[in-house]
*Asks:* 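Once you've had a glance at the structure underneath, I'll fire off some questions.
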Amino acid sequence: MNYTAKAIADFLQGELVGNPDIVVSDVSKIEEGRAGTLAFLANPKYEKYLYSTKASVVLINKNLSINGNINPTIIRVEDAYKAFASLLELYVRSLPRKSGIEQPSFIHSTAIVGSDCYIGAFAYIGENVSIGDNVKIYPHVCIGDGVKINSNTVLYSGVKIYQNCILGSNCIIHASTVIGSDGFGFVHAENREFKKIPQLGNVIIEDDVEIGSNVSIDRATMGSTLIGKGTKIDNLVQIAHNVEIGHNTVIISQAGIAGSTKVGKNCVIAAQVGIVGHIKIGDNVIIGAQSGVSHNINENQVCLGSPATDALTQKKAMILYKKLPEMYKKIGEFERYIKDHAKE
Amino acid sequence: MNYTAKAIADFLQGELVGNPDIVVSDVSKIEEGRAGTLAFLANPKYEKYLYSTKASVVLINKNLSINGNINPTIIRVEDAYKAFASLLELYVRSLPRKSGIEQPSFIHSTAIVGSDCYIGAFAYIGENVSIGDNVKIYPHVCIGDGVKINSNTVLYSGVKIYQNCILGSNCIIHASTVIGSDGFGFVHAENREFKKIPQLGNVIIEDDVEIGSNVSIDRATMGSTLIGKGTKIDNLVQIAHNVEIGHNTVIISQAGIAGSTKVGKNCVIAAQVGIVGHIKIGDNVIIGAQSGVSHNINENQVCLGSPATDALTQKKAMILYKKLPEMYKKIGEFERYIKDHAKE
Amino acid sequence: MNYTAKAIADFLQGELVGNPDIVVSDVSKIEEGRAGTLAFLANPKYEKYLYSTKASVVLINKNLSINGNINPTIIRVEDAYKAFASLLELYVRSLPRKSGIEQPSFIHSTAIVGSDCYIGAFAYIGENVSIGDNVKIYPHVCIGDGVKINSNTVLYSGVKIYQNCILGSNCIIHASTVIGSDGFGFVHAENREFKKIPQLGNVIIEDDVEIGSNVSIDRATMGSTLIGKGTKIDNLVQIAHNVEIGHNTVIISQAGIAGSTKVGKNCVIAAQVGIVGHIKIGDNVIIGAQSGVSHNINENQVCLGSPATDALTQKKAMILYKKLPEMYKKIGEFERYIKDHAKE
C-alpha cells in the first residue's frame, strides 16, 4: 500500500488542502498518528488531535472548521468515517486471498463445491453438501450432511454447521461458532427425569449476515431458526431454537434470545441482554445493555432495565435507586413527626 | 417417513376421529401446518389454529372439547406433546446413523474403542483412552489422554475433552464444548503477580447428561467437578472447578456457577444467572433469569433478582422500582407539608 | 509421586510434627482426605476437618494453634496454600510432557518452529508463522498467517489465532478460545443496511497471560487489542476490538468489555460484568459480579451494580430495595394522614 494524498483525494472525490505528493503506506488512529500514515477525524471529541497528530494525511468532514496550525495534508469529504472505511475496504480487497484446496481435507464424494473456493486443511465437508462459488472454508470447519452454502461466504477456522442448515451469500462466520446444534427441548418423564424432544428443523442464515466467534445458534424443533438478511451478530451470543430475527438487526456480545421469540428488523439488542421465549419484539426497537425483556415490545420503543421498561422511566428509577437511603431516612422522619403530633 | 393416521393412532393407542387412511410424510407446527404433515396441539393458547390448520393429522389432548369445524384427522391421546415427542424420537431412530472410522483420524495405539462406534475424520483420540460401544465421535473432537467415555454417548464436532475426564452412557455433548480445562486458580506472588495453582482433578459427567454448544466445564483443582445423572445444560454455560450438580437439574443458556458450589437435584437455573462460589443450593430450587445468587438457598425455594431473594418479595420490589419517581415526589410533598406546619 | 513427610517438610523448610516416614502418593482436599494423601488447611472455616481428616500429611499455617487430637503428620509453613501450590507445581513439572510433531499436521513451508515443541495431529500452522522454543500446540489448533508465538506458551486443542497476532512467552490459552477475530465494526449504508469496517489491526498478548476456554478476543480496527503481562482471563469472556488491559488484572468468567476501553493494572473484573466502550478503568479497581459500568472509574475504587456506583452506596440501596413495599405502604399512610388533617 503506497498512495499519494492526491490519489486518495481523487478516489474519494474529496477536497485536498496541503501537499498532494505526500505518500502514505499504512493507516493509524489520529491520536497515535505516525508519519507515512493516513488517519481520519470524525468524532468532534478527537478534534484536538488534529493539531498534534503526526499522521501525514487526515480525512475530515467537509464542514469542519480548522482552528489552529496543522501539519498533515487534509482531505475534506462528506463523511470522514465512511470514506476511511471505503479506503480500508479497497485495501483489503487488494490483499492476496486464500484459494485452492489444501491437504489433507475431507470432501464427501457426493458434495458439490463451486469454483474459486478455498478449502483449508482438515476441513470436513459432509454428504450432499452444496457449496457456491468463491466460498472460503478455513481449517477445522465442519459442514454437516445436506448443508447448502451460497457464494462468497467465509467460514473461519473451527466453525461447525450441523446437518441441513442453509447459509446465504456474502456471509462471514467467525471462528468456533456453532450453527444448528439441537434446541434445548425436553419434557418431564417419570421420576423427574427428562426426555429429549428431537430437534428436526434447521437454521437458515440469509445473505449478508456476519456472525462473531463462539456464537451458538440452535436448530428449530420443526421449521427453521431464521437470521434475516444483513443482520450482524457479535461474539458469544445465544440464539435458541425457532427464533426469528429480521433484516439489518444488530445483536451485541453475550446477548441471549430464548426459544421461538421473533425480533423485528433494524433493531439494536445491546450486550448481555436476555430476552425470554415466545415473545415478539417489533421493528426498530433498541434494548439497552444488560436488560431483561419478558414481554412483547412494540415497534420503535427504546427499552432498558431488568425487567425492561421504557428507557425514560428506567433512567429516572435508576437515579432514584441510589437515593433510596435518603428516601428511607426521610420516611423515618415523617413517621416520627406523625407519632409526635399524634401525642399532642 | 410415510405413515397413515391409523398407524400413528395404533402406535400411540389414541382415539382416531376422521379419515384413518390419510398419509403424513413430515411434521409441522399447527400454526404453519401443511397438507401431508402431522402436527400437535398441547398449549390451549394455540387452540384457534386447530380450526384453520392445513395439517392432515393433529394430535390433541384427550380432554379437549372441539368447538367448531375442523379439517384434519384428529388423534386424541393422554398428553399430545409427549406423544408427539415419542413419534419424533421413533422417527429419529429410523434415520441412518453415522458409523465406521473415517480417515484421516488419529487413534493412539493404546486407546480402546468399542464396537459400532463412529469416528469422524480429523478426530483425535489420545493415550490410554477408553471408549464404549456405539459411541459417536464427530470430526475435530479431541479426547485427551486417559479419558473414559461410556456407551451410546455422542460428541459433536469440535468437542474438546481434557485428560482423565470421565463421561457416562447416553450423553450428548454439542459442538465446541470444552470439558476439563483448568480451573481458574491463582495465588498472589510478589509484585502483585499471580502464581498458577495446578489443576490436578478431573470432570465426571454421569449418565444421560446433555450439554449444549460452547459450554465450558473446568476440571477440579483436586477431586472432581461433577455433573449429575440426567442433568441438562444449555449453550454457553460456565461451570467452574469443583462445582457439583445433582440429578435432573436444568441449567439454561449463559448461566455461570463459580468454584466449589454445590447445586441440588431437580433444580432450574434460568438463563444468565450467576452463582458465587463455595455455596450450596438445595434440591428443587428455581432461580429466575439474570439472578445473582450470593448465599446458600434452601430446598424448594423460588428465587429472583440480583442479589437474589425469594421471588415474591423480588416481584413486589420490581413493580415498586418503577414507582420510585412517584414515591420520591410524594416524599417531597410531605417534606413541604411538615415544613409548612412547623411554621405555624 | 511417592514422598515421605520428611522429604516434603525439608523441601518446604517447614516444621514437622508427627511421623516423618509416612508416605503420600496423591493429594486430597482436607474434608475428603484419604490415607496416603497430602492435604492443606489454609481457610480457618475448614479447621474442624483437621481433627477428622484421614489425610496422612497436612500442611498448616505456622501460627495455627491446634485444639484437639489429630491423626495426620503436620507440616507448619508460612502460608499453607502457597506451599501446597508449590508442591503441586513441582509435581506437575515431573509429569511427562507432550513433545514431537504428530502426523498428519500442516506446517507451511515458510513457518519457523523452535526446538522442543509439541505439535499435535491436525494442528495448522500458516504462512510466515514464527514459533519459539518449547511451545506446545495441541490438536486442531489453527495459527493464521504471520502469527508470532514466543517460547514456553501452551495452546490447547481448538485454539484459533487469526493472522498477524502476537503471543508472549509462558502463556496458556485454553481450548476453543479465539484470538483475533474481526472487531464488531459497521457503518450504516443506504436503506438501513450495514457496511463492514475492515479490521486491519491485531491482538498482542504479553508474557505470562492465561486465558480460559471459549474466550473471544477481537483484533483492533487499527493498531492492537492488548492483554498486559500477567493478566488472567477466565472462560467465556468477551474482549472487543482495541481494548487494552494492564498487567496482572483478573477478568472472571462471562464478563465483557466493549471496544476501545482501557483497563488498568491489578484490577479485578468479576463474573458477568459488562463494561461499555471508550472508557477508562484506573489501576487497582474492583468491579463486583454482574455490574454494568458505563463511565470512567478512578483508580482504587470498588464498584458494584448496574449501573455501577461505589460499592457502599450500592449495598445500602440493595438492602433498601427489598424494603420498597414497606416504604410504599408508609408513604400511603402519610398521604392519608395529611388528607385527614387537611379536612380538619
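Order of the sequence lines fixes the chain letters, A, B, ..., with proteins taken first and strands second; residue numbering starts at 1 for each chain.
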*Asks:* Atom CD of C/Q163 and atom CG of A/L95: how far apart are they, to the nearest 0.5 Å?
*Replies:*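 Rounded to the nearest 0.5 Å, the CD-CG separation comes out at 9.0 Å.
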*Asks:* So do the side chains of C/V178 and A/Y156 get within less than 4.5 Å of each other, counting heavy atoms only?
*Replies:*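 C/V178 vs A/Y156: side chains apart.
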*Asks:* Mind ranking A/A271, A/G212, A/S157 by heavy-atom pairs under 4.5 Å with chain C and telling me who comes out on top?
*Replies:*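 Winner by heavy-atom pair count: A/S157.
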*Asks:* ring-ring contact (aromatic ring centres under 6.0 Å, His included) between A/Y138 and C/Y124: does it pass, once the steps are laid out?
*Replies:* CA-CA 10 Å; A/Y138 278 72; C/Y124 182 99; 8.5 Å; no
*Asks:* Can you name the nearest heavy-atom pair linking A/Q103 to C/F106, along with the distance?
*Replies:*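 Looking at all heavy atoms of both residues, the shortest contact is O-CD1, 3.7 Å.
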*Asks:* Quick check on A/A289 against chain C: is it the side chain, the backbone, both or neither that has a heavy atom closer than 4.5 Å?
*Replies:*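 No part of it gets close to chain C.
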*Asks:* Please look at A/A175 and chain C and tell me whether the side chain, the backbone, both or neither of the residue comes under 4.5 angstrom of a heavy atom of that chain.
*Replies:*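 It is both, since atoms from each part get that close.
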*Asks:* Salt bridge check, A/E210 against C/K196: does any charged N sit closer than 4.0 Å to a carboxylate O?
*Replies:*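 Result for this pair is yes, salt bridge flagged.
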*Asks:* Residues of residues 311-322 of chain C under 4.5 Å from chain A (heavy atom pairs)?
*Replies:*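 At a heavy-atom separation under 4.5 Å, chain A is reached by C/T313, C/Q314, C/K316, C/A317, C/M318, C/L320, C/Y321.
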*Asks:* Measure the acute angle between the ring planes of A/F122 and C/F122, then classify it against the limits of 30° and 60° as parallel, tilted or perpendicular.
*Replies:*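 A/F122 vs C/F122 ring planes: perpendicular.
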*Asks:* Go through A/D79, A/V92, A/D208, A/I331 and name the one with the most non-hydrogen pairs under 4.5 angstrom from chain C.
*Replies:*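 That would be A/I331.
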*Asks:* Just by modelled atom types, is the C/L236 backbone N or O under 3.5 Å from a matching donor or acceptor in the A/N214 side chain?
*Replies:*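 Not at all, since once roles are kept as given, no pair shorter than 3.5 Å links the two residues.
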*Asks:* Side chain, backbone, both or neither: which part of A/K229 has an atom under 4.5 Å from a heavy atom of chain C?
*Replies:*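 When you check distances to chain C, only side chain atoms of A/K229 fall under 4.5 Å.
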*Asks:* Please look at A/S213 and chain C and tell me whether the side chain, the backbone, both or neither of the residue comes under 4.5 angstrom of a heavy atom of that chain.
*Replies:*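 Interface part for A/S213: both.
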*Asks:* Under 3.5 Å, is there a donor-acceptor pair between the side chain of A/Q254 and the main chain of C/G274?
*Replies:*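 Here the side-chain-to-backbone pair does not exist.
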*Asks:* In terms of side-chain heavy atoms, does C/E193 have a donor or acceptor partner in A/N248 at a distance below 3.5 Å?
*Replies:*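 Short answer, no.
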*Asks:* Find the distance between CG (C/D218) and CG (A/N235) and round it off to the nearest 0.5 Å.
*Replies:*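 One gets 4.5 Å once the value is rounded to the nearest 0.5 Å.
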*Asks:* Go through the atoms of C/A123 and report whether side chain, backbone, both or neither lie under 4.5 Å from a heavy atom of chain A.
*Replies:*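 Backbone only.
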*Asks:* What part of C/V273 gets closer than 4.5 Å to chain A, counting heavy atoms only: side chain, backbone, both or neither?
*Replies:*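 The backbone, not the side chain.
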*Asks:* Looking at OG1 of A/T37 and CE of C/M222, how far apart are the two atoms once the value is rounded to the nearest 0.5 Å?
*Replies:*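 A/T37 OG1 to C/M222 CE: 9.0 Å, rounded to 0.5 Å.
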*Asks:* When rounded to the nearest 0.5 angstrom, what distance separates CD in A/Q272 from OG in C/S306?
*Replies:*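 OG of C/S306 is found 8.5 Å from CD of A/Q272.
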*Asks:* Return the minimal non-hydrogen interatomic distance between C/V141 and A/H140, and the atom names on each side.
*Replies:*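 Looking at all heavy atoms of both residues, the closest pair is O-CE1, 3.3 Å.
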*Asks:* Which atoms of A/P104 are under 4.5 Å from chain C, going by heavy atoms: the side chain, the backbone, both sets, or neither?
*Replies:*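 The side chain, not the backbone.
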*Asks:* Measuring heavy-atom distances to chain C, does A/N43 have an atom under 4.5 Å in its side chain, in its backbone, in both, or in neither?
*Replies:*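 Contact with chain C: none, neither part.
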*Asks:* Please determine, among A/S176, A/G158, A/A85, the option with the most heavy-atom pairs under 4.5 Å with chain C.
*Replies:*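 Option with the greatest count: A/S176.
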*Asks:* Under a 4.5 Å heavy-atom cut-off, does chain C meet the side chain of A/I233, its backbone, both or neither?
*Replies:*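 Contact with chain C: backbone only.
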*Asks:* Counting neighbours of NZ on A/K265 that are heavy atoms of other residues, nucleotides or ligands and sit closer than 6.0 Å, is the number greater than 12?
*Replies:*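 At most 12 heavy atoms, drawn from other residues, nucleotides or ligands, come within 6.0 Å of this atom.
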*Asks:* Taking C/K195 for the side chain and A/K82 for the main chain, is one N or O donor matched with an acceptor at less than 3.5 Å?
*Replies:*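 Between the backbone of A/K82 and the side chain of C/K195 there is no qualifying donor-acceptor contact (under 3.5 Å).
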*Asks:* Mind running side chain to side chain donor-acceptor pair (under 3.5 Å) on A/H341 and C/Y337 for me, showing each step along the way?
*Replies:* CA-CA 11 Å; A/H341 284 68; C/Y337 172 88; 5.0 Å; no
*Asks:* Looking at CG of A/D234 and OG of C/S181, how far apart are the two atoms once the value is rounded to the nearest 0.5 Å?
*Replies:*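 Here the rounded value is 9.0 Å.
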*Asks:* Considering all heavy atoms of both residues, which atom of A/Q290 and which atom of C/Q290 are nearest to each other, and what is their separation?
*Replies:*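 Heavy atoms only, the tightest pair is NE2-O, 3.7 Å.
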*Asks:* Which atom pair, heavy atoms only, marks the closest approach of A/I252 to C/F184?
*Replies:*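 Looking at all heavy atoms of both residues, the closest pair is CG1-CE2, 4.1 Å.
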*Asks:* So, using salt bridge (Lys or Arg N to Asp or Glu O under 4.0 Å) as the criterion, who are the partners of A/K330 when residues are at least two apart?
*Replies:*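 A/E326, B/E335.
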*Asks:* Quick one, C/L324 and A/L324 - any side-chain contact, counting heavy atoms below 4.5 Å?
*Replies:*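 Yes, close enough: below the 4.5 Å cut-off.
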